[in-house]
2 protein chains.
Amino acid sequence: MADTQRGYHHGALKAALIDATLILLKEGGIEAVSVREAAKRAGVSPGAPFRHFPSRAALLNAVAEEAMVRLTMQIDQALTQAASLSPLERYRALGQAFLIWAFENPHHFQVISTRAVIDFEGSGLRAANDKIRCQMRQLLNDAVSSGELVGISVEDALLSTRALAYGLARMNIDGQLQSWDIKSGDYLGLAQHLINEQIDRLKR
Amino acid sequence: MADTQRGYHHGALKAALIDATLILLKEGGIEAVSVREAAKRAGVSPGAPFRHFPSRAALLNAVAEEAMVRLTMQIDQALTQAASLSPLERYRALGQAFLIWAFENPHHFQVISTRAVIDFEGSGLRAANDKIRCQMRQLLNDAVSSGELVGISVEDALLSTRALAYGLARMNIDGQLQSWDIKSGDYLGLAQHLINEQIDRLKR
DNA sequence: ACCTGAACACCGTTCAAGT
DNA sequence: ACCTGAACACCGTTCAAGT
């Protein structure tokens, strides 16, 4: 974008590299991302990216942080819309927001979820992730306090919801949903339905 | 193993390469696997592996097929032991067997689950995977027939069990379980507990 | 039939030198 | 301050030539 690369200096190379990385990601998944190719797409020499990112992992990290921002926005927006609902219904809204984000931005989800390729600790990733977990826990605790949920372990419910949502999203990007559901092709709808059922089952 | 590489010809290069690949996998995950390094470890030139495997993906495929054999064995053994139990209890035994395999052989699980790196179609992988799904479906159908389960969708139950187990196993290899459960460190035990709870919930 | 070793087109990363 | 371009040590893969 806007890379009117008119001279020796690029001007907005950092952003251009992140854009190019996202394009490579969409073209061929995470292993198709190379610093050299991103540099070429940005019209710059192979060494240039290393002025802005210390490593390939750091470049992918930047994409991951962008992805996390979008996920956080999607969740915050869903929670705002659901503000008047009961705690468990807000929990449901949060789960649905995660699924929508993961299925509509599969490459972003792939980058965020594949540790080894990013530096999850440093940066804002860990903090943002923890914040989401805290929001989930808070909602479940509220649901217990209000009597909406009874006789459940909040930690167990939390992790099994998260693991189910994560599993569905991962099966989607790992090409495993394709072989399960021959019919509609509406994998997001199917995933949303299963999470809904699981949350319903928490109520007994 | 047994690679008394005494001359120009190796003798058991194919097996030696698969062994070396598994070691590389254990050392540094899937992206640490290189054909050249496997060749070096097997004491052979960089081009030699291509007499036995047409590509890096094919080499990883061979590891994946070995992994699938072990998974199938683990499941068959669990089902044999549970032969006298009710259909739903056999379903539970199958789920537990999957979790044990995935948590005790994380690198095997990683290779099998990461499409893009292997050729899941060709080979016996697809067939073995389909067989497991059929076994699961059969058990759930039997549980419905015998009245052990009522008022559930077999397809939904099937996929949500699978997605939960897959999600837990993936969170384990993606390093995401570490940040959730600070206590015991017994991630397999935790995963088994959550699957048990989910299966219990199917009974209402 | 199986393996070598050079070759090709790629990588990530570094670093002097240019602007 | 930012970028180039050559360099290094790696890749996957091919292929003539050796045994």
Side-chain angles (χ1 to χ4, degrees), chain A residues 1-25 27-64 111 114-119, chain B residues 2-25 27-64 111 114-119 122:
Chain A
M1 307 296 157
D3 53 332
T4 45
Q5 168 212 355
R6 59 187 85 213
Y8 199 91
H9 291 61
H10 188 280
L13 183 53
K14 190 162 184 173
L17 287 168
I18 294 177
D19 286 353
T21 300
L22 192 55
I23 290 171
L24 292 174
L25 210 48
E27 283 177 7
I30 229 160
E31 48 264 355
V33 172
S34 88
V35 178
R36 291 183 96 106
E37 183 63 25
K40 191 187 292 181
R41 303 266 177 123
V44 108
S45 82
F50 292 88
R51 276 309 121 179
H52 299 275
F53 302 99
S55 66
R56 186 185 107 115
L59 180 56
L60 285 166
N61 228 291
V63 175
V111 169
T114 306
R115 105 181 145 38
V117 117
I118 57 168
D119 174 31
Chain B
D3 54 332
T4 46
Q5 169 212 355
R6 60 187 85 218
Y8 199 89
H9 291 61
H10 182 112
L13 182 52
K14 191 163 184 171
L17 287 170
I18 293 177
D19 286 353
T21 301
L22 193 55
I23 290 171
L24 292 175
L25 210 48
E27 284 178 7
I30 229 161
E31 46 264 355
V33 171
S34 88
V35 178
R36 292 184 97 107
E37 184 63 25
K40 191 187 290 181
R41 303 264 176 126
V44 106
S45 81
F50 292 87
R51 278 310 122 180
H52 299 276
F53 302 99
S55 66
R56 186 185 106 114
L59 180 56
L60 285 166
N61 228 291
V63 175
V111 169
T114 307
R115 108 182 144 36
V117 116
I118 58 169
D119 174 32

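Given the structure is predicted, the values throughout are model-derived calculations rather than measurements. Below, chain A is the first sequence line, B the second, and so on; all start at residue 1.
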Practice task
Dot-bracket notation for DNA chain C is requested: 5' to 3', Watson-Crick or G-U wobble pairs only, both distances under 3.5 Å, with ( ), [ ], | and . as defined.
Solution key: ||.|||||...|||||.||

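Across the protein-nucleic acid pair, B:Phe53 atom CZ and C:dC2 atom P stand 13 Å apart, rounded to whole Å. Note: NE2 (B:His10) to P (C:dC3) measures 8 Å, nearest angstrom. Taking atom CZ of residue B:Arg51 and atom C1' of nucleotide D:dA16, one finds them 10 Å apart after rounding to whole Å.
Of all non-hydrogen atoms in B:Val33 and B:Leu60, the two that sit nearest each other are CG1-CD2, 4.0 Å. Of all heavy-atom pairs spanning B:Ala38 and B:Thr21, the tightest one is CB-OG1, 4.1 Å. Contact detail for B:Ser34 and B:Leu24: the closest heavy-atom pair is O-CD1, 3.9 Å. Closest heavy-atom contact between B:Ile30 and B:Leu25: CA-CD1, 3.6 Å.
Here A:Leu17 contributes atom CG and A:His10 contributes atom NE2; the two are 7.5 Å apart, rounded to the nearest 0.5 Å. From B:Ile23, atom CD1 reaches atom CD1 of B:Ile18 across 12.5 Å, with rounding to the nearest 0.5 Å.
Between B:His52 and the phosphate of C:dC3, there is a side-chain N or O to OP1/OP2 separation shorter than 4.0 Å.
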Handout entry: nucleotides 5-13 of chain D: protein proximity per nucleotide (B base, S sugar-phosphate only, - neither; heavy atom, under 4.0 Å)
Key = B-B---BBB

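Residues A:Leu59 and A:Arg56 form no side-chain contact, since every pair of their non-hydrogen atoms from C-beta on lies 4.5 Å or further apart.
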Side chains of residues 42-53 of chain B: which donor-acceptor pairs under 3.5 Å do they make with residues two or more places apart or in other chains?
none

